[in-house]
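Take a look at the structure below.
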Protein chains: 2
Amino acid sequence: MRAGIKQVAELAEVSTATVSHVINSTRFVSTETKEKVYRAMRELDYRPNAIAQSLRSQKSNTIGLIVPILPSDTSNFFFMTVAQGIQMTLKRYGYHMLLSNNVNEELGDEQEQIKLFNTKQIDGLIIASIAEEVGYLNDIVHNQYPVVFIDRKPVGYKGDYVLADGYGGSLEAVRQLLEKGHRRIGFITGTLGISTSNERLEGYREALAQQGVPYDPSLVMIANASFESGYLCAQQLLASGDVTAVFVANNVLTMGVVACLQEKRIRIPDDLAVIGFDDYDWTKITSPPLTVIRQPSFEIGVTAAEVMMKRIEKRSEQQRHKEYRLPTTLIERGSC
Amino acid sequence: MRAGIKQVAELAEVSTATVSHVINSTRFVSTETKEKVYRAMRELDYRPNAIAQSLRSQKSNTIGLIVPILPSDTSNFFFMTVAQGIQMTLKRYGYHMLLSNNVNEELGDEQEQIKLFNTKQIDGLIIASIAEEVGYLNDIVHNQYPVVFIDRKPVGYKGDYVLADGYGGSLEAVRQLLEKGHRRIGFITGTLGISTSNERLEGYREALAQQGVPYDPSLVMIANASFESGYLCAQQLLASGDVTAVFVANNVLTMGVVACLQEKRIRIPDDLAVIGFDDYDWTKITSPPLTVIRQPSFEIGVTAAEVMMKRIEKRSEQQRHKEYRLPTTLIERGSC
DNA sequence: CTGAAAGCGCTTACAG
DNA sequence: CTGAAAGCGCTTACAG
């Protein structure tokens, strides 16, 4: 059996209250008693039972994370990297991460997950909700812990959110294409409705507008987030005729597009210039290597976790909720 | 405030014991009392507090998972996919997953993580240990819960383990290369010492031996698991002269190798035939698409979780620990 | 400077 | 067929 606080108290010849207080530095204890307690703890290799601590203090030192990662191989490097960022920084703060990925991309599952998390007394929730409207959180969270949103801008619930500057990134990508003389520029994006896609589309339109290039809806392809879907969109876009460049606003779709171009022996960038989304190692090994808009995925995770820690520490000071928008970068390689 | 079992009991006009028993179906309760209890639970939207349940029953419904995933973008699709497999099947059994990735690849961290997990009363541990010898687990786990190893074969601790047939995969890959007439075949692997790499090297040697091709140590490059390292190994291998094919026994290294070949304008497979490891979407979009040995990563996760569930259910019957070895597949594309 | 004791929300012998 | 009560391992007012 593992030693408990009682055994430590006995061995140190103090009360359990004292032991607890030296563990948590929650009231003054004389140096000598402290020493006795430390000695006893060491001797018994004592570790406080986190479950008991949680039950008593109503605090679990655990943050719940919900992200939509499909079971496919590819999808979603992005969220996995974000999750790593979160996990690593939580660790630094002594927090744990309870991970749940919403596989079906169904809203009901998402809610169910949160209820399960509640049951585990999470101290905070970080979520990339699949919902366009997250008002339902009001009923589930009951304001009992902070919620930090990632990747998408929440509507219907007040909370901090951290995401990349998709608008700016998209603007920069399309500008780059325009500068190279392209006028018929395709745009392939994931489902509209969520803020991420919307913003990227906006950036595309704005870039065109700034150069006086008319917006042609037939050049905009809406895919669902899969390799195959990217492949098909590329195919359609090519069939439509005179496109000379394409900006793909999502990493999985980018792969599908490249696969299609390669199969059809369309040369990049000569026949078609391409800018992809997200910077991963594999974008360096296509031929030519891909020019992409980099999102700081790891940093998004780090920031989200840090914002969360700040919220938890200063629970009382009801500061306004903030938007944390991290800049994207154009990484120029050979595809445009 | 959330309702507790007490509130439910009051509303249903029964004892908390009865409520508990209907929740857990742990003793007979008459249909009508049951009904009253269900009604009360529904009305209060009651969910048992998992923390309290854990404390009392010494069971957390949580499995700890420790995998070594470096913070780099790329590394390690493999373990992430495994983690997904684990998480999805645990979910089906009503279990949670506590994830911790051992970023530094340091043994001390690994041990520290397990101690933290102990503190959280995990019911089982799934681990891809970085240690060659895991005898230290005896002191930490104290046989209090089952341990399932993944990807690597444990030495020094008895437990089930599930991994891919690296030996067979390697054998198949090198055979393929031999059949195509290659005799000078390079082999690039991660650090030796762990069973994974060792086995793959064995497969390589065995394939050569079967064809009477002498084993030449200078064709074997040992890398650490990074893109750069793969790049450098490829470079060295090329410098050494007359290699006509290479088998890269790790996915991250494969990327580095391809990057190097591309930069040096070495044509695949004409100048150098390549077989990579692990089948991911990006292996389809290199030119040419890569022939690879596929590991069933997701399935490894699923199997590990299922083995764990079985162990937990039948704690009493001390069955022998088993090896679960999943077959690999040669996926032929254009690189060899 | 420190202790005795209540209580977090459950489960589970014990008893009838 | 069901209840009263102890207890899981801690934290935290209350008290001196």
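Atom set for the values below is all heavy atoms of this structure, side chains included, hydrogens, waters and symmetry mates excluded. Being a predicted model, the structure only gives us computed values, none of them experimental. Quick note on labels: first sequence line is chain A, next is B, and so on, each numbered from 1.
If you take CD of B/Glu10 and P of D/dG3, they are 13 Å apart, rounded to a whole angstrom. Taking atom CD of residue A/Gln7 and atom C1' of nucleotide D/dG9, one finds them 10 Å apart after rounding to whole Å. Following rounding to the nearest Å, A/Ile5 (CD1) and C/dA5 (P) show an atom-to-atom distance of 17 Å. When rounded to the nearest whole Å, the span between CG of A/Asn61 and P of D/dT11 equals 11 Å. If you measure from atom NZ of B/Lys6 to atom P of C/dC10, you get 11 Å, rounded to the nearest angstrom.
Inter-residue side-chain proximity for B/Ile140 and B/Lys115 is flagged as met; some heavy-atom pair is nearer than 4.5 Å. The closest side-chain heavy-atom distance from A/Ile312 to A/Tyr145 is not below 4.5 Å. Looking at A/Leu98 and A/Leu65, their side chains never come closer than 4.5 Å, going by heavy atoms from C-beta outward. Side-chain contact between B/His96 and B/Leu90 is absent, with no heavy atoms from C-beta onward closer than 4.5 Å.
Of the residues B/Lys310, B/Arg311, B/Lys153, B/Arg325, the one that meets the salt bridge (Lys or Arg N to Asp or Glu O under 4.0 Å) test with B/Asp160 is B/Arg311. Considering A/Arg152, A/Glu110, A/Gln113 as possible partners of A/Ile127, the one that fulfils the side-chain contact (heavy atoms from CB on, under 4.5 Å) test is A/Glu110.
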Intra- and inter-strand pairing of DNA chain D, written as dot-bracket with Watson-Crick and G-U pairs under 3.5 Å and | for the latter, reads |||.||||||||.|||

Under 3.5 Å, which N/O atoms of the protein pair with N/O atoms of nucleotides 12-15 of chain C?
unit_1	atom_1	unit_2	atom_2	d
C/dT12	O4'	B/Arg56	NH2	3.3

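At the phosphate of D/dG9, OP1 or OP2 sits under 4.0 Å from a side-chain N or O atom of B/Gln58. Proximity of A/Gln53 to the phosphate of D/dT11: a side-chain N or O atom is located under 4.0 Å from OP1 or OP2.
In this view, B/Tyr95 and B/Lys59 satisfy the side-chain hydrogen bond (donor to acceptor under 3.5 Å, both in side chains) rule, not counting sequence neighbours. Under the side chain to side chain contact (heavy atoms under 4.5 Å, CB included) criterion, A/Glu299 pairs with A/Arg294, A/Pro296, A/Leu326, not counting sequence neighbours.
Residues from residues 34-52 of chain B placing a heavy atom under 4.0 Å of any atom in DNA chain D do not occur.
Contacts of B/Thr33 with the nucleic acid, taken as non-hydrogen atoms under 4.0 Å apart, involve only primed sugar atoms and P, OP1 or OP2.
Here salt bridge (Lys or Arg N to Asp or Glu O under 4.0 Å) pairs that include residues 34-50 of chain A, with residues two or more places apart or in two chains, are A/Arg47-B/Glu112.
In this structure a side-chain-to-backbone donor-acceptor pair under 3.5 Å is missing from B/Asp151 to B/Ala128. The closest donor-acceptor contact from the side chain of A/Ser54 to the backbone of A/Ala50 lies under 3.5 Å.
With distances taken from any side-chain atom of B/Phe28 to the nucleotides D/dC8, C/dC1, D/dC1, the minimum falls on D/dC1.
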